[in-house]
**Student:** 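Structure in C-alpha cells, see below.
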Amino acid sequence: MTSASSADKRPIRRLILAGVVGFLAATVLSELGRRLLDGYELLSPTLIQDHQRGWSNRPMAAPRQQVEHYLNDLPLDTETPKAWFFERPPPLTKPATPPLLVQRAADHPA
C-alpha cells in the first residue's frame, strides 16, 4: 500500500519541482536581461556598471528634423506654437506649506 501512495505523490512532487525550477530560471534570466540593458557586468556578484555598454543609458532624444517631420503630420491647435515641443518646462517649485499645518506642527511637537 505504501508503493501506491508514493506513486500518487510523484506527479505532485514533479509539479512542485517544475514550478521551483521555472521560478529560479525566470529570476536569473530577468536579472541577466536587466543587467544587459543597464550596462552592468553580467556575471559579477557586485553591480559594476559600464556606461558604454548599457542600452537604457543612451540618450533617447530624436533629432530635431524627425520631430519637426512628425509635428507637420499632427493636427495642432492654432494657438499652440510648435516651439513648445522643443522647450523644456521650468523645474517645479515646492508649494508653500499652509499656515494651518505649520501651526498644528508647532502645537504638537514630535
**Student:** Should Glu41 and Thr46 count as side-chain neighbours, where that means a heavy-atom distance under 4.5 Å?
**Tutor:** no

**Student:** Nearest 0.5 Å, please: how far is CD in Glu31 from OG1 in Thr27?
**Tutor:** 9.5 Å

**Student:** Does the side chain of Leu32 reach to within under 4.5 Å of the side chain of Leu36, using non-hydrogen atoms?
**Tutor:**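 Answer no - side chains too far apart.
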
**Student:** Looking only at heavy atoms, what is the nearest atom pair of Glu79 and Pro81, with distance?
**Tutor:** O-CD, 3.2 Å

**Student:** Using the side chain to side chain contact (heavy atoms under 4.5 Å, CB included) rule, take Arg35 and Leu43 through it: C-alpha gap first, then chi angles, then the decisive distance, then the call.
**Tutor:** CA-CA 9 Å; Arg35 285 183 179 214; Leu43 301 177; over 6 Å; no

**Student:** When clusters are formed by joining ILVMFWY residues with side-chain heavy atoms under 4.5 Å apart, either directly or through shared neighbours, do Phe23 and Val20 land in the same one?
**Tutor:**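 Linked within one cluster.
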
